[in-house]
Amino acid sequence: MHWDWQVFCNSTPSGEATACFGAAGDITYLQWMMSAWGWTASVAALGFVIALVAGVVVGVARTLPLAPMVVFSTVWTELFRNIPLLVQVFLWYHVLPVFVPAFGRVSSFWLAVIALGLFTSARIAEQVRASLQSLPPGQAMAARALGLSLPKVYAKVLLPQALRIILPALTSEAMNVVKNSSVAFAVSVTELTLFAMQAQEETGRGLEIYAGVTLLYAVTALSVNRVMASIESRTRLPGLVGAR
């Protein structure tokens, strides 16, 4: 087996790629791969922000003493977590524009971000719900007795604890978002997976191309893991089981 890392220094045949860092033009495969890495990181980061915000809101709604909110949040969770992510991406890209023409003007990048974010939000919502319900009910009762409104009970008493408890699970979800961002290739977002497929076809050097892409995925996921672990260690609740 012969490794030829020089392939990354070769210019692409077309000389063009959707650039994330700098302008498109006469670029090498290494530059193209780094550009694709930027798109992967962008899809993952924005998808996780959407997932976190929507997941917290839906998770809280599942614990409210309001039947319509519980029904809505339950339907949301079951809908998005039980449909495969790739199918959801295709639904956003191919099906929804038929019924809502405005979606036809949204870029494939943002459709992939939305699909990834909502898919992950259902998983985070379940974690938030379980975390909130694991807290002693006396805390909410005491807060209400002190005159706090229900929104303030959640914002000042319950959610700060619940989010700390689920940080290990959020770390896993953040790493999963990085890996799941690869589905964006299905709607022609030039991220790492699409780059690998196209570059391998053009160069015939699949070993080197996929080795480079695998390394970047691993570096990204491990970096997310370290960042989340640092946040967890700084915000861990005193006395929490497993505290370091």
Side-chain angles (χ1 to χ4, degrees), residues 43-85 87-89 91-92 96 112-181 183 224-225 227-244:
V43 170
L46 293 172
F48 186 69
V49 169
I50 292 174
L52 187 59
V53 173
V56 169
V57 172
V58 174
V60 168
R62 294 198 70 182
T63 65
L64 293 175
L66 301 171
M69 295 298 293
V70 173
V71 171
F72 170 78
S73 57
T74 300
V75 170
W76 176 290
T77 301
E78 297 303 323
L79 177 66
F80 284 111
R81 75 172 179 173
N82 288 309
I83 299 176
L85 176 56
V87 174
Q88 293 190 39
V89 171
L91 287 174
W92 282 94
L96 285 181
V113 167
I114 292 171
L116 178 60
L118 296 185
F119 172 81
T120 310
S121 74
R123 298 170 58 88
I124 294 178
E126 274 295 274
Q127 294 160 8
V128 171
R129 177 197 62 79
S131 179
L132 286 170
Q133 292 180 342
S134 72
L135 296 174
Q139 294 189 15
M141 296 170 62
R144 293 304 300 270
L146 290 173
L148 293 181
S149 63
L150 187 60
K152 287 186 176 181
V153 169
Y154 276 92
K156 296 182 178 296
V157 179
L158 301 181
L159 268 179
Q161 298 180 75
L163 292 178
R164 287 179 171 91
I165 291 172
I166 66 170
L167 268 175
L170 284 181
T171 298
S172 295
E173 292 303 328
M175 296 175 69
N176 284 334
V177 166
V178 172
K179 293 179 288 185
N180 289 339
S181 67
V183 300
V224 169
N225 178 279
V227 170
M228 295 297 290
S230 176
I231 295 174
E232 180 186 350
S233 65
R234 293 173 181 272
T235 60
R236 186 184 297 273
L237 288 171
L240 187 66
V241 175
R244 295 188 291 269

Can you tell me how far the CG atom of Leu170 sits from the CD1 atom of Ile165, to the nearest 0.5 Å? 11.5 Å
Do the non-hydrogen side-chain atoms of Tyr154 and Thr63 ever get within less than 4.5 Å of each other? yes
What's the separation between atom OG in Ser172 and atom CG in Leu167, rounded to the nearest 0.5 Å? 11.0 Å
Heavy-atom donor-acceptor pair, Ser131 side chain to Val128 backbone, under 3.5 Å: no
Closest approach of Ala143 and Val157, non-hydrogen atoms and distance? CB-CG2, 4.0 Å
Please report the closest heavy-atom contact between Ala44 and Leu116, naming both atoms and the distance. CA-CD2, 4.4 Å
Distance col, row Arg129:CZ vs Ile124:CD1, nearest 0.5 angstrom, shows 14.5 Å
Can you find a pair of side-chain heavy atoms, one from Ile50 and one from Leu46, that are under 4.5 Å apart? no
Any side-chain heavy-atom pair from Val89 and Phe119 closer than 4.5 angstrom? no
Donor-acceptor contact present, side-chain Glu173 to main-chain Ala169, <3.5 Å: no
Return the minimal non-hydrogen interatomic distance between Ala162 and Leu132, and the atom names on each side. CB-CD2, 3.7 Å
So, for Ala140 and Leu158, which heavy atoms are closest and what is the spacing to 0.1 Å? CB-CD1, 4.3 Å
Using modelled atom types and a 3.5 Å cut-off, is there a donor and acceptor pairing between side-chain atoms of Arg164 and backbone atoms of Pro160? yes
Step by step, work out the side chain to side chain contact (heavy atoms under 4.5 Å, CB included) result for Trp76 and Leu118. CA-CA 9 Å; Trp76 176 290; Leu118 296 185; 3.6 Å; yes
Straight-line distance of Thr120 OG1 to Phe80 CZ, nearest 0.5 Å: 11.0 Å
Main chain of Val70, side chain of Ser73: is a donor-acceptor contact present, judged purely on distance under 3.5 Å? yes
Quick one: do Leu150 and Leu64 satisfy side chain to side chain contact (heavy atoms under 4.5 Å, CB included)? Show the steps, please. CA-CA 9 Å; Leu150 187 60; Leu64 293 175; 4.1 Å; yes
Pairwise distance NZ(Lys179) to CE(Met175) - rounded to 0.5 angstrom: 6.0 Å
Taking Ile83's backbone N and O only, do any of them form a donor-acceptor pair with Gln88's side chain (distance below 3.5 Å, no angle check)? yes
Quick one: CD1 on Ile231 to CG on Leu163, what's the gap to the nearest 0.5 Å? 11.5 Å
If you look only at pairs with a residue in residues 142-160, which of them pass as a salt bridge (charged side-chain N to carboxylate O under 4.0 Å, His left out), with sequence neighbours excluded? none
Nearest non-hydrogen partners of Thr77 and Ala125, listed with the distance: OG1-CB, 4.0 Å
